[in-house]
There are 2 protein chains.
Amino acid sequence: MDTITIKDIARALNLSTSTVSRALRDSYEINAETKRLVIEYAERLNYRPNPIALSLKENRSRVIGVIVPQIANNFFSQTINGIEAVAYSRGYHVIIFQTHESFEREILTVQQAVARKADGLLISLSSSTSDVTHLCQLQEKKLPIVLFDRVSNELDSPSVTADNFGGAFAATEHLIQTGRRRIAHLTIPPYISITQERLAGYRAALDKYGIPYDESLVRYAGFGQDEVEPIVDDLLRQSPDAFFAASDRLALGCLEALKKRNIAIPETVSLIGFTNITVANLLSPSMSTVEQPALEIGQLAAEQLFNMIEGKQKIPQPGIIRIPTRMVIRESSQRSLVG
Amino acid sequence: MDTITIKDIARALNLSTSTVSRALRDSYEINAETKRLVIEYAERLNYRPNPIALSLKENRSRVIGVIVPQIANNFFSQTINGIEAVAYSRGYHVIIFQTHESFEREILTVQQAVARKADGLLISLSSSTSDVTHLCQLQEKKLPIVLFDRVSNELDSPSVTADNFGGAFAATEHLIQTGRRRIAHLTIPPYISITQERLAGYRAALDKYGIPYDESLVRYAGFGQDEVEPIVDDLLRQSPDAFFAASDRLALGCLEALKKRNIAIPETVSLIGFTNITVANLLSPSMSTVEQPALEIGQLAAEQLFNMIEGKQKIPQPGIIRIPTRMVIRESSQRSLVG
DNA sequence: TTGTAGGCGTTATCAT
DNA sequence: ATGATAACGCCTACAA
């Protein structure tokens with residue numbers, strides 16, 4: 001791999017490496033003619049500074065690390081899109097890591113990012129992460145960290161999520177207002193912040209309408225292939241008159257299971273995740289959704305991070321920014337489950 | 001960022017950096033006691049070798065670059081999953097770049113990957129890439145490159161795709177066998193290999209059944225938001241009795257447009273892309289699909305790449321590996337468009 | 001068995 | 001205006 005270096009240019013032009021370096025960085029104290037010569041030659045040979053050498057020297061990489069549980073997930077891939085757009089506009093590159101919902105891999109992954117001298121980290125916590133000391137330590141070492149989506153208040157960092165509470169509240173309220181009382185809540189593992197927030201929104205809505213909270217209507221599902229179906233069966237035994245699923249995957253799994261059992265669904269609300277409105281519109285039976293602003297979350301999180309990285313003067317305000325969700329109501333024609 | 005280096009260990013233990021280095025790499029020519037001491041100390045301080053320094057020294061990075069048009073795309077995100085799994089198991093890391101379907105960004109992106117000393121590249125070409133000399137040049141410099149999904153025979157590299165011809169043939173044949181004769185083909189930009197292959201499969205099936213190829217039934221759509229609808233309208237004017245869409249996105253766009261116009265669909269086949277079978281199963285109107293083995297494509301492509309990177313001895317067989325697709329037939333109840 | 005020196009590509013400091 | 005030198009963290013040939 002015959003990469004051309006500053007040395008090559010220096011040799012060819014009978015200059016010292018320092019002169020070449022200065023010429024390329026357009027230093028003022030350099031002869032205009034020399035400068036022209038160097039720049040021309042560099043261009044002709046398509047010289048590119050070695051980012052690795054620069055990283056070693058400057059102890060930074062112009063790379064930010066993005067750590068997500070899964071890439072193959074509509075929400076996260078759209079978030080990454082937003083992050084990448086912002087990073088790109090600032091001349092940074094993005095390196096993406098997956099934790100596969102494993103705490104151990106999250107730790108390894110964070111170590112890797114740090115070892116590779118990422119200038120900052122954007123993290124969405126794995127579902128098995130309850131302890132964030134590994135992140136606290138980095139923060140003490142002044143590494144800029146921003147959490148998004150799955151956040152933690154154990155960590156004093158800026159965080160960006162959707163308004164999960166509000167979205168869940170609206171979804172549940174809608175179901176109540178259309179006559180449902182026994183609303184099943186199918187949700188993701190309990191540790192994650194979004195689960196808690198969505199559950200709280202659900203409970204608050206029940207509260208508001210004087211409907212008692214019934215624990216037997218709430219079920220947590222992991223990320224396994226065949227976990228959803230038995231849980232739906234289980235919930236059906238509680239004779240619910242509506243389903244409120246906390247994610248795309250669960251909502252789809254739920255629909256699938258119900259269809260299989262030939263159960264007509266009055267209305268199912270999938271909270272959070274149906275960024276892909278196109279799909280939701282075409283689903284049968286139809287399903288109302290709460291749309292999550294994935295792109296915006298990514299952009300805003302990235303902007304927060306760059307504020308920390310570049311404007312070191314500003315003290316990062318460690319607080320959670322919540323971006324409003326948007327509810328899309330799709331009425332289904334049947335209501336057979338309604339009491 | 002108080003990262004601990006080999007120097008720190010040397011100073012603390014009153015040794016030279018070389019001794020420490022050797023001890024850590026478990027060199028045979030080192031005193032067992034010294035070795036123990038060093039390793040223990042390193043562990044206690046949680047020492048991690050600086051990959052950047054290593055990259056600079058060894059002129060390689062243990063990172064492979066993956067270049068895709070879009071991350072936020074079911075197919076690509078699943079492919080990346082497969083790639084990552086293989087890379088991870090070999091101790092490599094993956095850095096992902098998006099070209100956003102732009103030739104210019106593909107070039108920039110490839111340069112970046114090279115500058116960052118990626119040990120190899122996995123590329124799915126952008127839809128606006130017709131010229132691959134930028135890749136040929138790298139190949140001459142011995143950089144291992146493997147193409148996947150969107151390949152090119154201008155480049156003598158191992159390539160991995162789905163059996164697009166076979167999939168399209170099967171899809172079209174199925175439509176013919178169920179009585180259709182005027183099968184509209186809604187497809188992606190013409191430059192890309194997969195478009196050509198799918199079109200060829202479509203034509204071959206028509207041929208087999210003596211149906212003349214009608215150019216007015218074929219339309220290419222770009223990746224813009226609102227491109228699909230007018231094209232579908234256009235196609236409808238040709239009074240087709242079936243649709244064969246060449247991607248997830250187009251198939252969904254097509255369904256959406258038809259639904260909006262209250263047009264009953266006898267059957268639409270979306271070729272290639274519905275990795276997300278769950279969604280396809282729930283769609284209304286239902287739609288047969290050709291499933292693409294995204295994960296396997298990623299894995300196989302990565303394996304090819306590692307063969308080139310590690311077993312430099314083996315001459316990479318520059319040929320296209322085609323992984324079979326799987327067709328899932330979902331019969332729709334209505335057939336109103338059928339002549 | 002251990003230490004010294006040089007180099008990977010670049011820039012900053014200090015000469016000249 | 002330009003050059004020599006050292007340093008970033010690591011490894012390795014060579015010396016001791």
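Order of the sequence lines fixes the chain letters, A, B, ..., with proteins taken first and strands second; residue numbering starts at 1 for each chain.
Atom CG in Leu15(B) sits roughly 20 Å away from atom P in dA16(D) (whole-Å rounding). Summarising the geometry, the separation between CD1 on Ile9(B) and P on dG9(D) is reported as 13 Å, rounded to the nearest angstrom. The distance between atom CZ of Arg22(A) and atom P of dG3(D), rounded to the nearest whole Å, is 9 Å. Glu58(B) has its CD atom 21 Å from the P atom of dG6(C), to the nearest Å. Leu24(B) places its CG atom 12 Å from the P atom of dT12(D), with the value rounded to the nearest Å. Separating the CZ atom of Arg48(A) from the C1' atom of dT10(C) is a distance of 16 Å, rounded to the nearest angstrom.
For the pair Arg105(A) and Phe97(A), the cation-pi test (distance below 6.0 Å, angle within 45°) is failed.
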Pair Phe103(A)-His134(A), ring-ring contact (aromatic ring centres under 6.0 Å, His included): steps then yes or no: CA-CA 10 Å; Phe103(A) 178 55; His134(A) 56 302; 5.6 Å; yes
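Residue contacts shown for Ser55(B) are absent, as no nucleic acid heavy atom lies under 4.0 Å away.
Remark: Thr109(B) OG1 to Gln98(B) CD distance equals 9.0 Å, nearest 0.5 Å.
In terms of position along DNA chain C, the nucleotide closest to Ser16(B) lies nearer the 5' end than the nucleotide closest to the other residue of the pair Leu56(B) and Ser16(B). Nearer the 5' end of DNA chain C, as judged by each residue's closest nucleotide, is the contact made by Lys57(B), out of Lys57(B) and Ser18(A).
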